Structure formats: structure tokens, C-alpha cells
J.: 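Got a structure for you, written out below as C-alpha cells; questions coming shortly.
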2 protein chains.
Amino acid sequence: MSKASSPSTLSIPNEIGGVRMTKQRKEVYRLLLEKKDHPTAHDIFISLQERMPSISLATVYNCLETLVEHEVLQQVNFDREPSRYCANLKEHGHFLDEKTGKIQDVAFKKDVNIKDLFDLPEDTIIENLDITIRGILPNNSTH
Amino acid sequence: MSKASSPSTLSIPNEIGGVRMTKQRKEVYRLLLEKKDHPTAHDIFISLQERMPSISLATVYNCLETLVEHEVLQQVNFDREPSRYCANLKEHGHFLDEKTGKIQDVAFKKDVNIKDLFDLPEDTIIENLDITIRGILPNNSTH
DNA sequence: AGCTATATTTAGAATAATTCTAAATACAAA
DNA sequence: TTTGTATTTAGAATTATTCTAAATATAGCT
Ligand SMILES: [Mn+2]
Ligand SMILES: [Mn+2]
Ligand SMILES: [Zn+2]
Ligand SMILES: [Zn+2]
């Protein structure tokens, strides 16, 4: 098992798929690498204001849109609640614990290939698969 | 295999979990039993105006909310698009064909118990599971 | 280094789906 | 019939997000 570099150490590239990683984009991305609790655009805006008092909410939205387009972030939606964002690019679902309101990533069990489980015609191309779960974790479960 | 009664024949109960099935609620429900293409509240509003010129959009929203609360309908969300509604109560996912824009139900393969495939603590209670897929169906596939 | 074209950020206005409000209507029970 | 409650209705309000247009930053030149 290789040791992952911590987000503060991790160097974020200066370019990504042809677009510049600006100060603002880097800060948005860095925050999402650090905070794995799936913040909303507004949450991110509030957090970043400490380090970048001049950043605007429109910029946070712009950065998130760009980073999602370039597939370094995922947008996560629970019903019609404000969108949340996630820097985990592994295939995973999202679990909302109704007791705590906290959202966490959910991996699939070993050897499960989720895309093979749907009754779809052969040669169907799956571009994107979103799985969201609402439920209640057992007590004292930090996962 | 038993013959299912057609929606126009099917009698819709006059009460459901303590609330009255009013004219408006019945029409909304009837439409969703007939049209399995997952219409939005606005789609439903436009369709129903022919049979019920006096119905309001607020009422369509109110009816949908009530019917979802009482679990005779499901609300279906693709990212941040307007919510869609579905009268299919079997456990199923939703597939959006990016070529046609059409949404269809997707069943799971035989013997797949989707809730068992997530890496969650034992005794986690799953209240609700939403699965949405975007992709492209092979040509000439009506499913 | 300055110059210039383009990309990005920003504040604030606009949009659009949904929810809310309060008055009118329908209905069930007495 | 009367009366209390549920429901519908039109229109206003809300809110997450997108759009607009002006200001700023940056990369690639000279
Ligand atoms: Mn749902
Ligand atoms: Mn998505
Ligand atoms: Zn995630
Ligand atoms: Zn469905």
C-alpha cells in the first residue's frame, strides 16, 4: 500500500485538460481534497472566504463547473437539495445518514461490477451512473 | 400470468392512507398510470388541462407531493433537471437515453439484490435507493 | 519589459422550478 | 342545511443556479 500525500503537500497541476488552474480553481479543488464531506457551493464559498476574501460565489460556481467538466470533481445530487461536490473519482455511491445529516462515500462490495446488474440491451453505453442512498447507520458507526 | 386491467378501467380508490382521492389527485395519478415516460409537473399540468381546464399548476404540485408522501408515486430526479414522476412501485432504476432524451425504467437482473452490494456497516437501514443512468441505447432498441 | 488577445473573475441581475400565502371552494359529518 | 376541515387556486415569494457585462489577470508575443 502506497502512502498518499496529504492534500496540503499534494501539488495541484497548473493546467488541466487545456484550462488553467487559477488561484481560485486550485483553492476550490484543494478544499474538496481536504474536506470529504461533500460541501455545497455555498459551503465552499464560506470556507474559502477565510483564505480568499475576494472570491465570489459566481466564481465558486464557475470553478466547480469547470472542474466537473474536466472530470476532476463529481457533482452529487440528493433529490432537489443543493448540489454537493466530491473529489473522489473512484466509482462510488453516496449515503445520507438521516440521523446525522452527514453524507459519505459508499464503495461497492468486492468483485461487484454494478454496471452489469441492470437489465439493459446489450451494447448499451453507460456514460454515467449515480447512486444515492438514504438511510440510518447503526449507532457509533463511523464507517 | 394475470391480465392487468388497463388504466382507464382500473378503479382508483377514493381514499389512500387517510387522505381523500380528489378529482385532481385521481387525474394526476391516472395520467401517470397511463404515461410511463416520466413526465414533469409541468408536462402533467399541460396534459391535464384538456380534461380539467380549471386545474392549477400549484394543485399538480400539491397532488404529486401527496401521492409521493403516500407512496403511490415516486419522484425521479436526474441531476438538477425538473423532477419527474413515476407510478411504477417496483424497485427499479432510471435510464436516460442521451440520443432520444427519453427516460425509461430499468429493472435489475434476475436474483440481483442491489441493496446487498454496498460496503456499508451491518444493520444499516436503507430507507431509499435512487439509481439514475445516462447512456446510449443501441440503435432500434425499444427495450 | 511592455503590448495585446484571450481567459477568468466579479457583482449584480435574471431565471426557473418549486413552495408559500391567503382566499375561495368542496366535502364529510352532524 | 350547517359547520368544520381539507383541498384547490392564483399569484407572490423563495432559492439555487445561470447569465451579463465590466474589470482583472495571464500567456504569448515583440
Ligand atoms: Mn428519492
Ligand atoms: Mn451526475
Ligand atoms: Zn463522494
Ligand atoms: Zn420509473
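Just so we're clear, the structure is a prediction, and the values are computed from it rather than from any experiment. When reading the values below, keep in mind they use all heavy atoms of this one structure, side chains included, and skip hydrogens, waters and symmetry mates. Sequence lines set the chain letters: A, B, ... in the order given, protein chains first and strands last, and positions in each chain run from 1.
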J.: Please list, for nucleotides 17-19 of chain C, all pairs of protein and nucleotide N/O atoms separated by less than 3.5 Å.
T.:
unit_1, atom_1, unit_2, atom_2, d
C:dT18, OP1, A:R80, NE, 3.1
C:dT18, OP1, A:R80, NH1, 3.4
C:dT18, OP1, B:S83, N, 2.9
C:dT18, OP1, B:S83, OG, 3.2
C:dT18, OP2, B:Y61, OH, 2.4
C:dT18, O5', B:Y61, OH, 3.4

J.: Using only side-chain N and O atoms of A:R20, determine if any of them is under 4.0 Å from OP1 or OP2 of C:dT8.
T.: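 So the side chain of A:R20 is outside the cut-off, no N or O lying under 4.0 Å from OP1 or OP2 of C:dT8.
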J.: Could you tell me the separation between the CE atom of B:M52 and the C1' atom of C:dT25, rounded to a whole number of Å?
T.: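 One finds 13 Å between C1' of C:dT25 and CE of B:M52, rounded.
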J.: Do the side-chain N and O atoms of B:D105 and B:H38 include a donor-acceptor pair separated by under 3.5 angstrom?
T.: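 B:D105 vs B:H38: donor-acceptor pair found between side chains.
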J.: Name the first nucleotide and the last nucleotide along DNA chain D (5' to 3') that come under 4.0 Å of a heavy atom in chain A.
T.: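 That gives a stretch of D:dA16 to D:dA27.
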J.: Salt-bridge test for A:K99 and A:D97: reply yes if a basic N is under 4.0 Å from a carboxylate O, no otherwise.
T.: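 A salt bridge is absent here (no side-chain N lies under 4.0 Å from a carboxylate O).
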J.: Let's go through A:K102 and A:D37 carefully: what are the C-alpha distance in whole Å and the side-chain angles of both, what is the deciding distance for side chain to side chain contact (heavy atoms under 4.5 Å, CB included) to 0.1 Å, and is it a yes or a no?
T.: CA-CA 7 Å; A:K102 298 241 163 65; A:D37 63 345; 5.8 Å; no
J.: Contact class for B:T22 (heavy atom, under 4.0 Å): base, sugar-phosphate, or nothing?
T.: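 If one applies the 4.0 Å heavy-atom cut-off, B:T22 turns out to touch the sugar-phosphate alone, with no base involved.
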J.: Taking B:R20's backbone N and O only, do any of them form a donor-acceptor pair with B:R25's side chain (distance below 3.5 Å, no angle check)?
T.: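 Yes.
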J.: Once the angle between the rings of A:H94 and A:H92 is folded into 0 to 90°, is it parallel (under 30°), tilted (30 to 60°) or perpendicular (over 60°)?
T.: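 Answer is perpendicular, since the angle exceeds 60°.
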J.: Using whole Å, what does the distance between atom C1' of nucleotide C:dC27 and atom NZ of B:K23 come to?
T.: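 Rounding to the nearest Å, NZ of B:K23 and C1' of C:dC27 are 11 Å apart.
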J.: Could you go through the side chain to side chain contact (heavy atoms under 4.5 Å, CB included) check for B:I12 and B:M21 one step at a time?
T.: CA-CA 8 Å; B:I12 295 172; B:M21 278 300 260; 3.6 Å; yes
J.: Kindly write out the residues that satisfy ring-ring contact (aromatic ring centres under 6.0 Å, His included) with A:F118, not counting sequence neighbours, or none if the list is empty.
T.: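 With neighbours one apart ignored, the set is B:F108.
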J.: Take atom NE2 of A:H70 and atom P of C:dA7, then tell me their distance rounded to the nearest Å.
T.: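 For the pair A:H70 NE2 and C:dA7 P, the rounded distance is 12 Å.
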J.: Side chain of B:D79, backbone of B:E81: donor and acceptor closer than 3.5 Å?
T.: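 No, because the side chain of B:D79 does not come within donor-acceptor range (under 3.5 Å) of the backbone of B:E81.
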J.: Mind calculating the distance between CZ (B:R25) and P (C:dC27) to the nearest angstrom?
T.: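 For the pair B:R25 CZ and C:dC27 P, the rounded distance is 12 Å.
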